[in-house]
Amino acid sequence: MIENIEKKMLAYALKNAVEHEGKCQSGAVLNPLFHEGLDKAEVKNIMPKINEVVKKVNSMSLDEQKKELEETEKLISHRKVRAEDELPELPDVPKTGVVMRFAPAPSGALHVGHAISNVISSLYVEKYGGKFYVRIEDTNPEKTDKNAYQTIKEDCDWLFGNVTEYIIQSERLELYYSYAKKLIEKNAAYVCTCSQEDFKLKYADKMQNCPCRDLDNKEQEKRWQKMLDKKGYAEGEAVLRFKSNMQHKNPAMRDFPLARISLKEHPKQGTKYRVWPLMNLSVSVDDMELGMTHVIRGKDHHDNAERQKMIFEIFNKPYPWTFFMGRIKFSDLKLGKRHIKAAIESGEFSGWEDEKLPTLVSLRKRGFNPIAFKKFSIQRGLTSVDKVMDSKEFFAILERFSKE
RNA sequence: GCUCCUAUAGUCUAGAGGCCAAGGACACUGCCCUUUCACGGCAGUAACCCGAGUUCGAAUCUCGGUGGGAGCGCCA
């Protein structure tokens with residue numbers, strides 16, 4: 001039985017009446033009672049009482065209703081709503097706070113797209129306490145820009161203001177190697193010497209195992225050593241693959257690669273290493289090692305997260321709570337590094353900090369306040385809905401938030 | 001082709017089966033304030049993609065359709 005049921009009926013009736021110019025409806029009194037635990041078998045008994053209360057309330061003046069509501073309001077429950085200037089709560093937040101990250105590739109300057117999808121992580125660390133890592137993912141010697149390390153650091157200090165630590169993946173290669181070795185030992189990875197084309201057309205597309213997959217552990221370890229060995233496999237001759245399932249219904253999940261050989265000189269490591277981890281290996285290792293609790297990333301990483309989860313499972317580690325943010329696409333702006341780079345080279349822009357460019361360096365120079373990004377992020381909250389906007393609209397919003 | 005995500009006003013969103021007669025913000029309209037602009041205050045217009053199903057009850061759950069988006073790299 002519901003406690004104080006008569007008073008609650010009155011309170012709900014008053015609430016409804018006050019919200020609707022002094023007139024309440026019986027449904028608005030009955031419905032919330034179900035929510036309080038009313039059994040539908042009791043409806044018959046209770047309806048007459050509700051009708052009485054409704055009649056009584058409707059005969060009162062609006063002022064009387066308001067006054068009485070004040071007295072009874074605490075009896076009834078209210079819908080929870082998220083305050084407009086607050087982030088939605090994250091689940092499973094440890095007492096020690098959250099550990100989150102932003103993981104850019106140093107292939108060029110950071111732009112508004114990065115800011116939009118990552119400021120929210122920084123805000124959560126601000127909200128709950130914990131750690132916020134910026135992890136520079138420079139495991140592709142071919143695409144790493146030497147100058148990007150410094151600008152990323154400057155941009156992130158300006159934009160977030162609460163970076164716990166900067167981590168550079170190219171300094172952690174031995175760590176990734178040790179995990180690669182463990183995966184081979186656990187029979188969860190193998191060295192594949194098939195050509196890219198064969199692997200896709202003959203095996204992945206046809207859901208067939210490639211011959212390398214079934215070689216025993218000893219042979220796999222030998223092959224792995226041969227990848228590492230300067231006199232071993234040549235570039236493109238072998239790749240370390242995760243042993244997932246070649247019959248996986250999602251083609252993106254079938255024995256994806258974990259590491260490859262690249263002889264290109266790395267801006268920080270030179271030619272010291274020849275085997276470079278691919279993101280799914282290095283990201284998994286780092287997220288495990290750093291104890292990531294929550295990850296908010298772009299929707300485009302949905303399948304990667306699924307792959308990383310498989311790696312976590314091999315090591316019996318719980319996968320962090322993950323949210324996939326919808327992407328903001330600019331109808332009139334090309335954010336791709338390739339496009340910007342090409343445009344700079346062709347002389348269309350003077351450089352990454354050209355004021356016509358939506359890079360963070362440029363915005364900093366133009367005097368934007370990073371608070372604007374924070375407000376934009378809070379208003380958007382956690383959503384996996386994509387949004388197409390033009391730069392004019394976007395900058396109008398930023399300007400408005402800047403002024404506030 | 002296969003896998004997956006998603007759908008609330010012009011825009012961004014709140015919303016976890018009844019307390020939704022759908023809330024807020026921006027934009028818009030009107031009024032007030034102000035010498036003007038900005039700010040502020042008050043009022044107003046405006047939305048649950050479509051179709052079935054489950055239920056006493058669906059914006060909310062399920063299925064189908066449609067629209068939008070992502071992935072299927074030795075990039076991240």
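Labels below follow one simple rule: chain letters A, B, ... track the order of the sequence lines, proteins then strands, and each chain is numbered from 1.
Side-chain N/O atoms of A:Arg380 include one lying less than 4.0 angstrom from OP1 or OP2 on B:U13. At least one side-chain nitrogen or oxygen of A:Gln196 sits closer than 4.0 Å to the OP1 or OP2 atom of B:C74. OP1 or OP2 of B:C26 has not a single side-chain nitrogen or oxygen of A:Lys375 nearer than 4.0 Å. One finds no side-chain N or O of A:Thr139 lying less than 4.0 angstrom from the OP1 or OP2 phosphate oxygen of B:C75. Phosphate contact (OP1/OP2 of B:G69, side-chain N/O of A:Lys387, threshold under 4.0 Å): absent.
The pair A:Asp303-A:Arg307 does not meet the salt-bridge criterion, since no charged nitrogen lies less than 4.0 angstrom from a carboxylate oxygen. The existence of a salt bridge linking A:Asp287 and A:Lys309 is excluded, since no basic side-chain nitrogen approaches an acidic carboxylate oxygen closer than 4.0 Å. By the 4.0 Å N-to-carboxylate-O rule, A:Glu21 lies too far from A:Lys23 to be salt-bridged with it. Ionic pairing of A:Asp354 and A:Lys356 is present here: one or more N-O contacts between side-chain nitrogen and carboxylate oxygen are shorter than 4.0 angstrom. Between A:Glu235 and A:Arg260 there is no salt bridge, since none of the side-chain N atoms of the basic residue sits less than 4.0 Å from a carboxylate O of the acidic one.
Taking atom CD1 of A:Ile152 as the reference point, atom C1' of B:A76 lies 12 Å away to the nearest angstrom. We find that CZ of A:Arg307 is positioned 13 Å from C1' of B:C74, with the value rounded to whole Å. Between the P atom of B:G73 and the CG atom of A:Leu258 lies a distance of 15 Å, rounded to the nearest Å.
If you check every strand for non-hydrogen atoms under 4.0 Å, A:Ser107 touches nothing. Among the heavy atoms of the strands lying under 4.0 Å from A:His302 are primed sugar atoms or P, OP1, OP2 only; no base atom is included. Using a 4.0 Å heavy-atom distance criterion, A:His248 is classed as making no nucleic acid contact. The residue A:Phe324 sits apart from the nucleic acid: no heavy atom pair falls under 4.0 Å. Using a 4.0 Å heavy-atom distance criterion, A:Lys40 is classed as a base contact. Contacts of A:Glu142 with the nucleic acid, taken as non-hydrogen atoms under 4.0 Å apart, are absent. Nucleic acid contact class of A:Asn304 (heavy atoms, under 4.0 Å, all strands): base. Counting any heavy atom pair closer than 4.0 Å across all strands shown, A:Ser262 reaches no nucleic acid atom. Counting any heavy atom pair closer than 4.0 Å across all strands shown, A:Lys23 reaches a base atom.
Base-pair partner of B:A70: B:U3 (Watson-Crick or G-U wobble, both distances under 3.5 Å). For B:U29, the paired base is B:A43 (Watson-Crick or G-U wobble, both distances below 3.5 Å). Across all strands shown, B:A38 has no partner, as no Watson-Crick or G-U wobble contact with both distances under 3.5 Å is found. Both distances falling under 3.5 Å, in either a Watson-Crick or a G-U wobble arrangement, place B:U62 opposite B:A52. The partner of B:G17 cannot be assigned: no Watson-Crick or G-U wobble pair with both contacts below 3.5 Å exists in any strand.
Position along RNA chain B of the nearest nucleotide to A:Asn280 versus A:Ile397 favours A:Ile397 as the more 5'-ward residue. With RNA chain B read from its 5' end, the first of the two nearest nucleotides for A:Gly236 and A:Asp300 is the one closest to A:Asp300.
Nearest nucleotide to the side chain of A:Leu278, out of B:A76, B:U3, B:G73: B:A76. Closest to the side chain of A:Glu19, from the set B:C20, B:A76, B:A21, is B:C20. With B:U13, B:C20, B:A76 as the choices, the nucleotide that has an atom nearest any side-chain atom of A:Lys15 turns out to be B:C20. In this structure, the nucleotide among B:G73, B:U3, B:G69 sitting nearest to the side chain of A:Lys143 is B:G73.
A donor-acceptor contact under 3.5 angstrom links the side chains of A:Gln150 and A:Glu154, judged on distance only. Between A:Asn304 and A:His301, the side chains place a donor N or O and an acceptor N or O closer than 3.5 Å (distance only, hydrogens not considered). With 3.5 Å as the limit, one finds a donor-acceptor pair spanning the side chains of A:Asp138 and A:Ser170.
For the pair A:Arg241 and A:Phe199, the cation sits on the ring face: its NZ or CZ lies under 6.0 Å from the ring centre, inside 45° of the axis.
Spacing of P atoms, B:G10 relative to B:A46, comes out at 11 Å, to the nearest Å.
The aromatic rings of A:Phe394 and A:Phe373 sit tilted, their planes meeting at an angle between 30° and 60°.
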What's the verdict on side chain to side chain donor-acceptor pair (under 3.5 Å) for A:Asp286 and A:Gln169, showing C-alpha distance, side-chain angles and the deciding distance?
CA-CA 9 Å; A:Asp286 284 333; A:Gln169 286 192 320; 2.8 Å; yes
Check against side chain to side chain donor-acceptor pair (under 3.5 Å), A:Asp255 and A:Ser244:
CA-CA 5 Å; A:Asp255 287 12; A:Ser244 61; 3.3 Å; yes
Expected string for nucleotides 42-48 of chain B under the B/S/- scheme (protein heavy atoms, under 4.0 Å, primed atoms plus P, OP1, OP2 as sugar-phosphate) is -------
Interface polar pairs with nucleotides 6-10 of chain B, N/O, under 3.5 angstrom:
none

